[in-house]
Every structure is written in structure tokens, then in C-alpha cells.
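Positions are given from 1 along the sequence. Both ligands and their constituent atoms are indexed starting at 1 by order of listing. Predicted model only: the values in this text are computed from it and were never measured.
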Amino acid sequence: MTGLFPGFPVQRLRRLRENPVLREMVREHHLRPEDLIYPLFVVSGRGVKNPVKAMPGVNQLSVDLLVKEAGEAVRAGIRAIEVFGVPLKKDELASGAYDPDGIVQQAVRAVKDAYPDLLVVTDICLCQYTSHGHCGVVKAGRILNDPTLEYLARTAVSHAAAGADLVAPSDMMDGRVGAIRQALDQAGFEHVPVMAYSAKYASGFYGPFREAAASAPQWGDRRSYQMDPANDREALRETALDIREGADIVMVKPGLAYLDVVRRVKDAFGLPVAVYNVSGEYSMVKAAAANGWIDEQRVVLEILLSCKRAGADLILTYHAKDAAGWLAG
Ligand code: PBG
């Protein structure tokens, strides 16, 4: 480089930073409302709005209020939401997850009815629906892989039947993308894409979500299925397998502490990459902002932009509605 470029004082990088118009013209990365997916939590009942204490601004909403919130998001410029269900009853086999009249299925029908153009993504996992809080079928203290696949596949088909535009498995069982793809195809939903939580780490950043979704494991932890935070080569193996099984979009989760993984996945594969800016990342920003320690708007937009810069095409974030509003304003 030094041979080709003369360096200072001929080169002065500040020249392109002086003029605000020029700064915008040479900007390398952009954040747009259509990059964002807004996660929402649905509970049963009517007129229910339960604030999630650890996530200021986030609420568990009954279907009627979820539709209202979806409408506000649409007006702010949001194009996609992801629905997480918080069922009334849990059991060993997560029957609420694949109940054709389950809480997510009801929410999807209601939202698609009110806002047909809003893209509705559904989370496919069993942990909110199992009495033990694990993401799979449990026997003798072990989380069984293959018997779980059938329940995940059933859940995906029931979501598609309710009108979900995209299904997103977050359980981390081996072979689940293939099982879901096959089941969707057999049920006539070959047009419904799968966004796989491919590199999902066993992370402390999920803490607040477990309050929001009432999905904390009742014993043990998720380290036998979610990834070890120390591994990045393994993220590429996970992603490659999901792609071979039919994933249309792959995801890295969490976001900020794993942006190196986002970059590696982006460079290694040619398909769209999503990143999940998870609950703990949201709560940290909210807490610091509430104390007046940081400028919330500025920090949120900077974080979301950093996800784009790392190579993410899509960002799941609880800041989505606010961010879309700020981008429009
Ligand atoms: C369920 C699931 C989790 C999150 C998304 N889907 C929690 C977990 O795996 O424990 C976390 C999202 C967040 O923290 O915002 N498998």
C-alpha cells in the first residue's frame, strides 16, 4: 500500500468528512426500515398488556393488542414482525406449540387478516410450551434430538397453515431444518421459506427473554444443544448443514458479541444472513439510557448499523419500531 499511495500530506481522509452531503455520498453502509424484524410476545386473553420488567417498553400482548401494536409498527415503517407465543398451559410434549388453535396460530391469523402485507415470521421452538422449559423432548434428564423433530415440523406446518409467511426454528436440534422443510413441502407449503437460527449460542444475553416468554429451563441449561460461545469454526459447520437441509436465510444469535461470526458466515455463504440483537443487548441499552448515561437513539442506530457493517442483511431487534420511526424522521 505504502508503495502505491504517497500518504500524508497528499492523502488527507478528512477531506471527505468536511461536507455533510459528501459524507452521505461516500457512506458505505445503510440502515433501512426493511432491514428490521420486530419481535412480539403474544398471550391469551383480551386487552392484556403485561410489561416485561427486564425489558422496558416490551409487553406481553393479547391478540387484540398485538394486532394494534403491529399496526403501529406498520405505520412506523416496519415490514416484518416475529411472533413468540406464551401459552396458558405447558406439558411434557409441548402440545400448545402445534395446536391449530394455539396462541401463535391465533395471532398469525389475526395479524394477517388486519395487515395482509406485513410479513409475519414465527419462532419454531418448544421451550415456551414444555413443562420443563427445554427446547426438545426430555427423557431421563436428556434432551432427545430425533423425537423432537416431529414436533418442530408439526409446529411449522401449523404456523404455515395459519398464514405465517416465514418460519424460524430456534431450537438447535440437529436435522430440524430438513425435517421442517420436508413437512412443509408435504403439506403444500413449499413456498414458505425457512430462516434458521443456525449459529445460536448458549448465551447469558437471553436472560430478559426468558421472563418475556416464560421459557427458562426448570433444570439444567441449554449447553447440550446451543453452541459454545468459544467456537466460531463450528458456526460455519452449523450453517453449512442448515443450508444443505434447505435453509433460505441463516441467522447468528446473539448479535453484538458475535459480529465476527456474522462476518464469517456472510463471507462463507451466498445467502441472506440475519442477526438477532437479543433481549440482554436491548435491556443494557435501555438501562443505560434510563440513567442518562447514553443517548438511546444514537446508540441504537449505531448498534444496528454495526450489524449491517458486519454483513447482516436482516436484524431482529426489540428496538425495531423506534428505530424505524427515527429513520423516517
Ligand atoms: C427460544 C428462544 C430464545 C430466544 C429466542 N428464541 C431463548 C433461549 O434460547 O433461551 C432469545 C431471544 C432473546 O433473548 O431476545 N429457543
For residues 132-139, please give each side-chain donor-acceptor pair under 3.5 Å, one per line with the distance, not counting sequence neighbours.
unit_1	atom_1	unit_2	atom_2	d
His132	ND1	His134	N	3.1
His134	ND1	Tyr225	OH	2.7
His134	NE2	Trp219	O	2.9

Measure from every N or O atom of ligand 1 to the protein's N or O atoms and keep only the pairs below 3.5 Å, writing each with atom names and distance to 0.1 Å.
unit_1	atom_1	unit_2	atom_2	d
ligand 1	6 (N)	Lys253	NZ	3.3
ligand 1	9 (O)	Lys200	NZ	2.7
ligand 1	9 (O)	Gln226	NE2	2.8
ligand 1	10 (O)	Arg210	NE	2.8
ligand 1	10 (O)	Arg210	NH2	2.6
ligand 1	10 (O)	Arg222	NE	2.9
ligand 1	10 (O)	Arg222	NH2	3.4
ligand 1	14 (O)	Ser279	N	3.3
ligand 1	14 (O)	Ser279	OG	2.7
ligand 1	15 (O)	Ser279	N	2.7
ligand 1	15 (O)	Tyr318	OH	2.6
ligand 1	16 (N)	Ser170	OG	3.3
ligand 1	16 (N)	Lys200	NZ	2.9

Fill in: ring pair (Phe, Tyr, Trp, His ring centres under 6.0 Å) partners for Phe41, two or more places apart
Phe84, Phe209

Fill in: Ring-face cation of Lys253 near Tyr206 (centre distance under 6.0 Å, axis angle within 45°)
yes

Worksheet item: For Pro272, what residues pass the side chain to side chain contact (heavy atoms under 4.5 Å, CB included) criterion, not counting sequence neighbours?
Response: Ile249, Asp313

Worksheet item: Does Asp101 come within less than 4.0 Å of Arg109, counting only side-chain N to carboxylate O?
Response: yes

Discussion item. Less than 4.0 angstrom from a charged side-chain N to a carboxylate O is my criterion; do Arg79 and Asp117 meet it?
Written reply: no

